[in-house]
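Model, not experiment: these values are computed from the prediction. We name chains A, B, ... by the order of the sequence lines, and we start the count at 1 in each one.
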Amino acid sequence: MITRWSQTLIPTLRQDPSEAEVPSHRLMLRSGLIRQLAAGLYTYLPLGWRSLHKAIEIIRQEMNAAGSVEMFMPALEPIELFAGTGRDVAYGDDLFTLTDRRGHRNALAPTHEEVITEALAASVESHRQLPLNLYQIQTKFRDEPRPRFGVLRSREFIMKDAYSFHVTVDGPGGLDATYERMYQAYCRIFDRCGLTYETVEAESGPIGGSASHEFMVICSTGEDTVYKSDKGNYAANVEKCEIGPRAWSFDPPDPPTESAGDLETVHTPDLPGIDLVAAFLKITPDRMLKTLVCSSDNGWILAVLRGDHDLNLGKLKTACESAVQLADEKAARDAGFAVGFVSPAVAKTITVARIVIDPDAAQSRDWVTGADRIDYHVRNFQWRRELGELLDGDTVRVADIRNAIDGDPSPRDDGGVLRAERGIEVGHVFKLGTKYSEAMGFTVLDENQKSRLVIMGCYGIGPGRILAAAIETNHDDDGIIWPAPIAPYTVHVVTIKLDEAGSKALDTLLANLDAAGIDVLVDDRPERPGPKFKDADLIGCPIRLTIGAKSLAENAVEFKLRCAARESAELIKLDAVADRCLEVAGGGR
RNA sequence: CGGGCUGUAGCGCAGCUUGGUUAGCGCGCCUGACUGGGGGUCAGGAGGUCGGAGGUUCGAAUCCUCUCAGCCCGACCA
């Protein structure tokens with residue numbers, strides 16, 4: 001495929017657009033890959049569309065090779081489908097909805113579990129039709145509260161989403177086997193795209209389910225935080241990351257190492273937030289206890305953390321073995337909680353179902369915490385002295401309920417230390433279980449004529465994120481340095497002041513490259529060399545060929561890799577160029 | 001949704017505090033000439049509802065009110 005610059009649209013920008021912060025966003029705009037229409041909405045211009053297609057084609061090939069079958073579902077779906085699984089509520093404002101002329105409410109699909117489950121439920125009745133693994137490459141819509149970083153978090157984006165259906169979890173044809181196949185296929189896809197990535201354990205979020213891995217491209221601008229043990233045997237995202245065992249005790253050591261001061265109430269008005277209170281009292285937040293009021297079906301739940309730690313709601317749910325949410329502030333206030341000044345001791349006056357204390361908060365020392373009275377805190381709070389026997393009852397439980405932070409012990413309990421890194425999530429695989437089949441009544445008859453809920457998995461990849469992540473991790477001051485497989489073109493030919501004979505030589509060169517199956521962009525603009533080289537560097541195709549009087553005098557072109565230094569440019573005879581390009585770029589298309 | 005910032009030519013910005021010629025600058029763009037290996041030089045030129053609406057005023061890019069949009073931080077988030 002030969003494309004002449006003069007015949008396509010590559011609106012490169014000389015200056016950085018002011019709205020772009022991260023390198024990938026900046027460079028995608030500057031190199032004419034994309035253009036913004038509105039917040040979170042991007043046009044893929046010809047160059048960007050080509051790269052996206054290359055990533056998509058790799059995905060398609062590997063999905064097909066792994067036994068998944070392509071199909072295509074509508075982006076628009078009746079809202080009732082969502083209501084069935086309660087996800088209209090779970091997705092909330094993130095769901096784009098619209099009303100059609102008949103007054104029916106519809107949603108622009110943020111994902112397609114419901115649609116495909118509906119489709120399969122209608123046509124699959126026997127276990128003998130399973131397992132099935134189907135995928136599509138479709139546009140998704142999410143009304144993100146804050147679109148940003150270009151195509152990394154946009155409101156409309158292309159996604160490859162696959163869904164698998166099984167009668168069993170184990171054994172041949174089971175969910176686990178397909179999950180593993182998909183996992184391996186994903187590794188091949190990201191390898192082929194030239195990405196450096198890691199897999200981390202993940203929570204499955206509103207999609208629900210039992211196990212999940214994210215494929216992350218580690219880079220400082222990534223939106224997600226992941227933790228890796230420095231022993232290299234554990235990696236998880238922040239929602240999932242467990243923390244290794246930590247010693248705890250409510251009782252002062254014997255003999256006491258710290259003198260127990262009396263409980264002392266201090267007036268702390270107009271100090272919203274732990275940090276301000278800590279600063280006012282001239283202590284650090286890790287000397288404070290924070291008590292979060294949560295609600296559950298069984299009643300109030302207090303979550304107690306060290307002041308500098310953050311609650312992990314998922315962990316709290318696990319610890320409570322029930323649904324838990326942060327309490328509605330007004331409801332908590334009405335119940336008598338001095339919101340913002342709550343201490344664990346409030347359990348002595350207000351009945352709570354459970355107090356869950358993080359091990360780092362269950363330490364026998366003098367704490368600063370709320371006084372259960374608006375505008376007051378207490379100093380020298382001691383668990384045993386303040387709560388007494390309440391600590392020994394069923395109400396109190398000590399459990400890991402906070403987000404990990406850098407330096408925490410690894411859950412492998414092998415002396416490893418968790419280190420925080422940032423990453424871009426380019427793919428995600430889930431074991432869904434029966435959440436959707438249950439909600440939508442998707443059952444099949446097994447060999448014993450017994451009705452069985454279908455077990456599902458789902459597997460997503462964001463091709464746009466592949467491009468952005470590739471750029472994020474492969475660029476320099478001059479522009480993008482594409483991994484060859486997803487470069488818009490493998491070869492970028494720069495022409496310099498060609499006379500008639502030169503033009504002929506160019507035509508021959510292009511014909512040779514084309515015959516070899518190499519994608520070529522020819523910068524045939526009547527520009528001076530400077531701007532052409534700058535644009536070539538900006539766009540970042542792996543191989544640059546320069547053809548001009550200088551090289552043609554040697555019956556050659558100048559050959560230079562984008563990733564190599566300028567001085568590495570060398571002259572290659574015209575008839576040897578195609579082979580050299582194939583050799584370097586790994587076989588063209 | 002809370003906090004902050006910004007909307008003036010395709011891109012980047014000045015002008016606004018203190019209202020007053022025809023709204024400027026750089027880059028890009030068009031024409032021509034000279035050039036020709038890392039954004040060259042010269043000459044000439046095109047391009048603007050100053051985000052929108054309302055108001056104050058003899059007069060508004062500039063002051064006031066409302067509104068829309070975009071960006072950043074946070075909350076949120078497969």
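- Here B/rC13 is the nucleotide among B/rG37, B/rC13, B/rA75 with the atom lying nearest to any side-chain atom of A/Ser18.
- Listed by first then second residue, pairs satisfying salt bridge (charged side-chain N to carboxylate O under 4.0 Å, His left out) with a partner in residues 20-48 of chain A read A/Asp16-A/Arg26, A/Asp16-A/Arg30, not counting sequence neighbours.
- Among pairs with a residue in residues 491-504 of chain A, none fulfils salt bridge (charged side-chain N to carboxylate O under 4.0 Å, His left out), at least two apart in sequence or across chains.
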What string of B, S and - do you get for nucleotides 27-33 of chain B, 5' to 3', when a contact is any protein heavy atom under 4.0 Å? SSS----
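- For A/Phe337, the ring pair (Phe, Tyr, Trp, His ring centres under 6.0 Å) test picks out A/Trp300, with sequence neighbours left out.
- Every residue was checked against the side chain to side chain donor-acceptor pair (under 3.5 Å) condition with A/Thr117, not counting sequence neighbours, and none meets it.
- Annotation: side chain to side chain contact (heavy atoms under 4.5 Å, CB included) contacts of A/Asn133 (sequence neighbours excluded): A/Ser68, A/Ala162, A/Ser164, A/Thr178, A/Met182.
- Annotation: side chain to side chain contact (heavy atoms under 4.5 Å, CB included) contacts of A/Asp535 (sequence neighbours excluded): A/Trp5, A/Thr12, A/Arg525, A/Leu538.
- Put simply, the side chain of A/Thr111 reaches to within 4.5 Å of the side chain of A/Arg142, judged on heavy atoms.
- If you check every strand for non-hydrogen atoms under 4.0 Å, A/Pro529 touches sugar and phosphate atoms only.
- Between A/Phe215 and A/Phe190, the ring center distance clears the sub-6.0 Å criterion.
- Using P as the reference atom, B/rU49 and B/rA61 are 13 Å apart when rounded to the nearest Å.
- Taking the nucleotide of RNA chain B with the nearest heavy atom to each of A/Glu144 and A/Gln36, the more 5' of the two is matched to A/Gln36.
- Position along RNA chain B of the nearest nucleotide to A/Glu19 versus A/Glu223 favours A/Glu19 as the more 5'-ward residue.
- Residues satisfying the side chain to side chain contact (heavy atoms under 4.5 Å, CB included) test with A/Ala420, not counting sequence neighbours, are A/Thr225, A/Tyr227, A/Asp406.
- If you check every strand for non-hydrogen atoms under 4.0 Å, A/Arg544 touches a base.
- Looking at residues two or more places apart in sequence or on another chain, you find a side chain to side chain donor-acceptor pair (under 3.5 Å) between A/Lys228 and A/Glu198, A/Glu421.
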Output a table of nitrogen or oxygen pairs between the protein and nucleotides 46-52 of chain B separated by less than 3.5 Å.
none

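- Residue-level contact check: A/Pro145 touches the bases, meaning some heavy atom is under 4.0 Å from a base atom.
- Within residues 37-48 of chain A, the residues having any heavy atom under 4.0 Å from RNA chain B are, by residue number, A/Ala38, A/Ala39.
- With sequence neighbours excluded, the residues that form a ring pair (Phe, Tyr, Trp, His ring centres under 6.0 Å) with A/Tyr42 are A/His25.
- Residue contacts shown for A/Asp16 are limited to sugar-phosphate atoms, with no base heavy atom under 4.0 Å away.
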